[in-house]
Trainee: 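Have a look at this one.
Throughout, a chain's letter reflects where its sequence line sits, starting with A, and its residues are numbered from 1.
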Amino acid sequence: MTLNRRQILLLLPAAAVAWEYVLAGNPDESPDYKMSEHWWGMLIDISKCIGCGSCVRACAMENDVPEGYFRTWVERYHVSDWHIETPEVDSPNGGKDGFPQGKTEGGKNFFVPKMCNHCVDSPCSQVCPVGATFHTPDGVVLVDYDYCLGCRYCIQACPYGCRFFHPKKHTADKCTLCYHRITKGLTTACCEACPTAARQLADLKNPNDPIHEFLKTHMVQVLKPHLATGSKLFYNSLDGSVR
Amino acid sequence: MAEFKDSAHLIRLAGVFLLGLVLFLVLRSATIPRSFGRYGPFRGDALAEISARPVAFAGHEACENCHPDEAALKASGAHKTVNCESCHGPLAKHADDPGAVQPVLPDVAKLCLRCHSKNMAKPKGFPQTEARSDSGSKPCDACHKPHSPGMQAGDKK
């Protein structure tokens with residue numbers, strides 16, 4: 001078969017389109033995982049949290065979180081009987097080594113595990129000047145460590161204090177919702193390690209996920225709802241004093 | 001209509017603009033990564049890079065595949081919500097190649113108190129104890145076996 005000049009000219013645009021497709025690669029990370037079929041969040045049941053710090057240790061081991069920095073941490077609240085608006089909060093080493101027996105008697109005491117809220121309208125991604133922080137199609141907020149300049153705008157913008165400046169990578173860093181695990185069908189490291197199932201990964205697009213029944217039958221809150229961040233970190237039996 | 005005089009400089013100007021446009025397009029395609037905009041206003045390849053990270057915790061399904069007896073014992077007791085790696089540590093390497101990494105047995109004296117030491121902020125129904133007050137000087141697992149921690153030495157819990 002021989003091609004004349006006209007036929008080659010006609011084939012060129014088709015070849016260009018094909019080449020673009022080759023360069024674009026495979027849109028999904030693995031053939032078993034379709035991003036469009038998931039919408040990730042997490043359920044945290046404060047009435048089950050015992051403050052053991054297993055989640056904090058597991059997160060650090062799974063994600064190589066540097067010592068002294070936290071992608072997730074646990075806070076202990078002490079709300080006195082009269083100053084309910086000004087709770088005393090402590091979190092020694094992020095709760096990584098557990099909590100010493102508190103000295104304070106009376107009042108209300110409980111633990112609150114915290115981490116990135118994976119907001120739908122996240123303030124951190126809105127302020128990023130280079131598009132290094134982004135929303136995945138399956139509802140996770142991630143940082144592109146190649147693109148991040150380390151300007152720290154996002155760290156200031158996060159109303160939940162969930163971001164930190166990584167001392168070695170010199171970029172912003174935060175919880176990835178164990179994106180490398182959930183795309184392989186595993187749960188997050190913190191949920192895997194939680195001994196009381198106080199933390200549960202939730203796929204809001206999966207109609208069989210127990211999260212739907214839970215949200216229907218419990219009084220569930222998000223942190224700082226007045227900021228309209230669209231948080232997907234759902235807290236059960238959250239006290240009003242928690243900020 | 002009079003002939004438009006000295007139009008050559010306009011053509012030259014258009015040429016300069018055209019050159020600028022071509023230069024801009026070349027620079028743009030050279031600096032913006034191929035995958036930018038594939039899923040949104042960010043570099044699409046970052047997703048694959050982040051999800052390529054190796055897993056440290058194998059997940060309890062992997063453990064239960066090879067250790068069904070322990071899984072069954074645990075499922076029948078009070079520790080049914082406690083996943084294997086919560087105590088035994090991250091063992092994805094052991095799950096990939098059981099000979100390569102052997103799990104270390106945790107030290108019971110520290111392990112149990114991690115969760116069961118007394119603390120005001122713990123839920124009231126959760127079993128809590130002062131270190132060593134319950135057992136005299138015996139280790140916890142003299143009476144409570146970690147996989148199914150009900151009392152094994154006669155007494156009722």
Trainee: Tell me if the centroids of the rings in A/F99 and A/F111 come within less than 6.0 Å of each other.
Mentor: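 Yes, the ring centres sit under 6.0 Å apart.
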Trainee: At a 4.5 Å cut-off on heavy atoms, which part of A/V143 comes close to chain B: side chain, backbone, both, or neither?
Mentor: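 Backbone only.
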Trainee: Of the backbone (N, CA, C, O) and the side chain (C-beta and beyond), which part of A/T187 lies under 4.5 Å from a heavy atom of chain B, both, or neither?
Mentor: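 No part of A/T187 comes within 4.5 Å of chain B.
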Trainee: Quick one: what part of B/A58 sits under 4.5 Å from any heavy atom of chain A, side chain, backbone, both or neither?
Mentor: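 Contact with chain A: backbone only.
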Trainee: Can you say whether A/I50 sits under 4.5 Å from chain B via the side chain, the backbone, both, or neither, judging by heavy atoms?
Mentor: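 The answer is both parts of A/I50.
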Trainee: Less than 6.0 angstrom separating the ring centers of B/Y39 and A/H135, yes or no?
Mentor: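 When the ring centroids of B/Y39 and A/H135 are compared, they turn out to be at least 6.0 Å apart.
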Trainee: Taking all non-hydrogen atoms of both residues into account, name the closest pair between A/R71 and A/C59 and its distance.
Mentor: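 Answer, listing the atom of A/R71 first, then A/C59: CB-SG, 3.5 Å.
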Trainee: Any side-chain to backbone donor/acceptor pair from B/Q102 onto B/P98? Under 3.5 Å, distance only.
Mentor: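 Checking the backbone N and O of B/P98 against the side chain of B/Q102, a donor-acceptor pair under 3.5 Å is found.
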Trainee: For B/F126, is it the side chain, the backbone, both, or neither that has a heavy atom closer than 4.5 Å to a heavy atom of chain A?
Mentor: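 The side chain, not the backbone.
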Trainee: Output yes when a side-chain donor or acceptor of A/R76 lies under 3.5 Å from a complementary backbone atom of B/M120, and no otherwise.
Mentor: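 Not a single qualifying donor-acceptor pair exists.
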Trainee: Is A/N63 in contact with chain B via its backbone, its side chain, both, or neither, using a 4.5 Å heavy-atom distance?
Mentor: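 Both parts, heavy atoms under 4.5 Å.
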Trainee: For a quick check under 3.5 Å, do A/R163 and A/T133 share a side-chain donor-acceptor pair by atom type?
Mentor: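 Looking only at side-chain atoms, A/T133 and A/R163 do form a donor-acceptor pair, the distance falling under 3.5 Å.
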Trainee: Between B/H116, B/H79, B/E85, B/K122, which shows the greatest number of heavy-atom pairs under 4.5 Å with chain A?
Mentor: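 The candidate making the most pairs under 4.5 Å is B/K122.
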Trainee: Any side-chain to backbone donor/acceptor pair from A/D203 onto A/W39? Under 3.5 Å, distance only.
Mentor: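 Judged by distance alone, yes, a pair lies under 3.5 Å.
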Trainee: Test salt bridge (Lys or Arg N to Asp or Glu O under 4.0 Å) on A/D64 and B/R53; report intermediate values, then the result.
Mentor: CA-CA 11 Å; A/D64 285 331; B/R53 193 187 162 77; 3.2 Å; yes
Trainee: Out of A/T176, A/D146, A/T136, which one racks up the most heavy-atom pairs below 4.5 Å with chain B?
Mentor: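 Of the candidates given, the most pairs with chain B belong to A/D146.
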Trainee: A/C194 versus chain B, heavy atoms under 4.5 Å apart: side chain, backbone, both or neither?
Mentor: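 Contact with chain B: backbone only.
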Trainee: Of all of B/G40, B/P123, B/A46, which one pairs up most often with chain A through heavy atoms under 4.5 Å apart?
Mentor: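 Answer, by heavy-atom pair count under 4.5 Å with chain A: B/P123.
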Trainee: Could you check which of A/C178, A/A197, A/G131, A/P195 has the highest count of heavy-atom pairs closer than 4.5 Å to chain B?
Mentor: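 Highest number of heavy-atom pairs under 4.5 Å: A/P195.
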Trainee: Pick one of side chain, backbone, both or neither for A/K48, based on which atoms fall under 4.5 Å of a heavy atom in chain B.
Mentor: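 It is the backbone, since no side chain atom gets that close.
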Trainee: List the steps and the verdict of side chain to side chain contact (heavy atoms under 4.5 Å, CB included) for A/V65 and A/H166.
Mentor: CA-CA 9 Å; A/V65 182; A/H166 196 289; over 6 Å; no
Trainee: Heavy-atom cut-off 4.5 Å, strictly under: side chain, backbone, both or neither for A/C128 against chain B?
Mentor: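 Nothing of A/C128, per the 4.5 Å heavy-atom cut-off to chain B.
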Trainee: Out of B/A52, B/P41, B/G59, which one racks up the most heavy-atom pairs below 4.5 Å with chain A?
Mentor: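 Greatest number of close heavy-atom pairs with chain A: B/G59.
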